[in-house]
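First comes the structure, then the notes that go with it.
By convention here, the first residue in the shown sequence is residue 1. One-based numbering, in listed order, for ligands and for the atoms of each.
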Amino acid sequence: MKKVIIITGAGKGIGKAIALDFAKASTRQNNFDPQLMLVSRTASDLEAVGIECRSYGATVDIMAIDIAEITQIDKLVTATVERYGTIDCLINNAGVGRFKPLTEITEEDFDYTMSTNLKGTFFLTQKVFSVMEKKKSGHIFFITSIAAKTAFKSSSIYCMSKFGQNGLVETMRLYAKECNVRITNVMPGAVYTPMWGEVPDPMKSFMMMPEDISSSIVNAYFLPQRTSVEELVLRPVGGDINE
Ligand SMILES: NC(=O)c1ccc[n+]([C@@H]2O[C@H](COP(=O)([O-])OP(=O)(O)OC[C@H]3O[C@@H](n4cnc5c(N)ncnc54)[C@H](OP(=O)(O)O)[C@@H]3O)[C@@H](O)[C@H]2O)c1
C-alpha cells in the first residue's frame, strides 16, 4: 500500500537513517510502498540520500527548504498533497543546537534555535495535522530528546526548545486521539551524528548510532493502527553525556 511519509532533516544523521530504514522496509514488508518526501536545507545531501533510498525501490521526492520559513512549509505541504493526494506520516526530525555556557548565548543563537525547533516544528505539524484530521488517520513522530526532560548545563536554549516541543507533543495528543492519529515522542540520548561535530573516539564508542533510533521508529510505525507507541526513550547503555 502506498504510504506518503515526510521526513524533515533527512539529509544527515538520524533523519537520513530514518529515510533509509523506511526505504529498506519496502523490500521486506508486504504491501508497503513508501513515497518519501525528504526535506532539509541542503539539496546535495537530499539528492545523495534519495539515490540510496531509490536503490531499495522507494519512490523519493526531495525538497530543499528551511522549515523556519512558513511560506516554505506551505510549499512542502501543498506539493506533497498535490503529488500524492495525502500525507500518512510526518517525522518531525529537523533540529538544531547551539551548545555554549548560558552567559555566552546571543540573541541570534536564541532566534536560530527557536525558529527551527519550535516555530518550524509547530507550523509543519499544524498544516500536516489538518490533512490527517480530515482523513482520520496518520502518524506524527517528534524527535525531541532526552534534553526534553533532563537539563544539561551547556544546552540551555536547546533544552528550552526541546521542553517546548514536549508541550506541543502533549497538546497534539488531545487533538490526535479524536481522529485516529498516532503521536510518538522519540527521546534519544547521545547519538553519533554531524550535530556533534568532531567527537573523540572514546566518546564515539559510548554513543548510540542513528540506525538504533531509526529502527525503533520504523518498528513503532508498523505496529497495528490500533496501537500507538506514545514514547520511545533511548539512551546509551552507559547513560547520558553530562556537559
Ligand atoms: N544527535 C543526538 O545526540 C540527538 C539526541 C537527541 C535528539 N536529537 C534530535 O534529533 C534530530 C536530528 O538530529 P541529528 O543529530 O541527526 O542532527 P544533524 O546530524 O545535525 O542533522 C540535522 C538535519 O536537520 C536538517 N535541518 C536543520 N535545520 C533545518 C531547517 N531549519 N530546515 C530544514 N532542515 C533542517 C539538517 O540539514 P540542513 O542543515 O542541510 O538543513 C540535517 O539534515 C534533531 O531534532 C535533534 O535535536 C539528536
Side-chain angles (χ1 to χ4, degrees), residues 6-21 36-50 62-77 90-99 109 111-125 141-152 154-155 157-166 168-169 184-199 203-204 206-214 216-217 231-236 238-243:
I6 297 177
I7 305 169
T8 66
K12 298 187 183 83
I14 296 170
K16 174 181 174 180
I18 297 168
L20 286 171
D21 268 0
L36 302 178
M37 177 61 91
L38 308 183
V39 177
S40 82
R41 292 167 298 190
T42 310
S44 55
D45 284 350
L46 297 174
E47 280 155 15
V49 177
I62 62 170
M63 195 173 283
I65 61 157
D66 184 345
I67 63 156
E69 299 290 333
I70 294 179
T71 51
Q72 299 193 21
I73 289 177
D74 283 337
K75 191 176 129 191
L76 166 66
V77 175
L90 166 64
I91 315 277
N92 275 314
N93 167 76
V96 294
R98 296 264 173 95
F99 304 101
D109 291 329
D111 290 344
Y112 180 71
T113 305
M114 300 307 164
S115 65
T116 293
N117 296 6
L118 287 181
K119 183 179 156 194
T121 303
F122 176 83
F123 283 105
L124 180 55
T125 301
F141 289 85
F142 294 84
I143 317 305
T144 63
S145 177
I146 282 294
K149 56 189 214 142
T150 304
F152 298 93
S154 61
S155 306
I157 46 175
Y158 182 72
C159 284
M160 189 178 166
S161 70
K162 293 293 175 177
F163 272 68
Q165 286 186 341
N166 261 355
L168 174 61
V169 170
T184 303
N185 187 359
V186 184
M187 289 176 274
V191 186
Y192 179 64
T193 70
M195 179 178 263
W196 286 79
E198 287 290 310
V199 173
M203 188 164 143
K204 182 178 167 189
F206 180 92
M207 297 167 91
M208 297 182 287
M209 289 291 146
E211 55 272 25
D212 306 343
I213 312 306
S214 58
S216 308
I217 289 168
E231 286 187 355
L232 282 168
V233 180
L234 300 141
R235 273 198 167 92
D240 292 330
I241 293 173
N242 288 308
E243 281 196 282

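Between M203 and W196 there is a side-chain heavy-atom pair separated by less than 4.5 Å.
Shortest non-hydrogen contact noted between I143 and K162 is O-NZ, 3.2 Å.
By the 6.0 Å and 45° rule, R98 does not stack over the aromatic ring of Y158.
A side-chain donor-acceptor contact under 3.5 Å links N166 to the backbone of A148.
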Validation: residues 6-17 side-chain donor-acceptor distances under 3.5 Å, sequence neighbours left out:
{"from": "T8", "atom 1": "OG1", "to": "I91", "atom 2": "O", "distance (Å)": "3.3"}
{"from": "T8", "atom 1": "OG1", "to": "N93", "atom 2": "N", "distance (Å)": "2.9"}
{"from": "T8", "atom 1": "OG1", "to": "A94", "atom 2": "N", "distance (Å)": "2.8"}
{"from": "K12", "atom 1": "NZ", "to": "D45", "atom 2": "OD2", "distance (Å)": "3.2"}

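Sorted by chain then number, the residues whose non-hydrogen atoms approach ligand 1 to under 4.0 Å are G9, G11, K12, G13, I14, S40, R41, T42, I65, D66, I67, N93, A94, G95, V96, T116, I143, T144, S145, Y158, K162, P188, G189, A190, V191, T193, P194, M195, W196.
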Inset, instruction - Would you please test Y112 and V96 for side-chain contact (heavy atoms from CB on, under 4.5 Å) and show each step? - result: CA-CA 8 Å; Y112 180 71; V96 294; 3.6 Å; yes
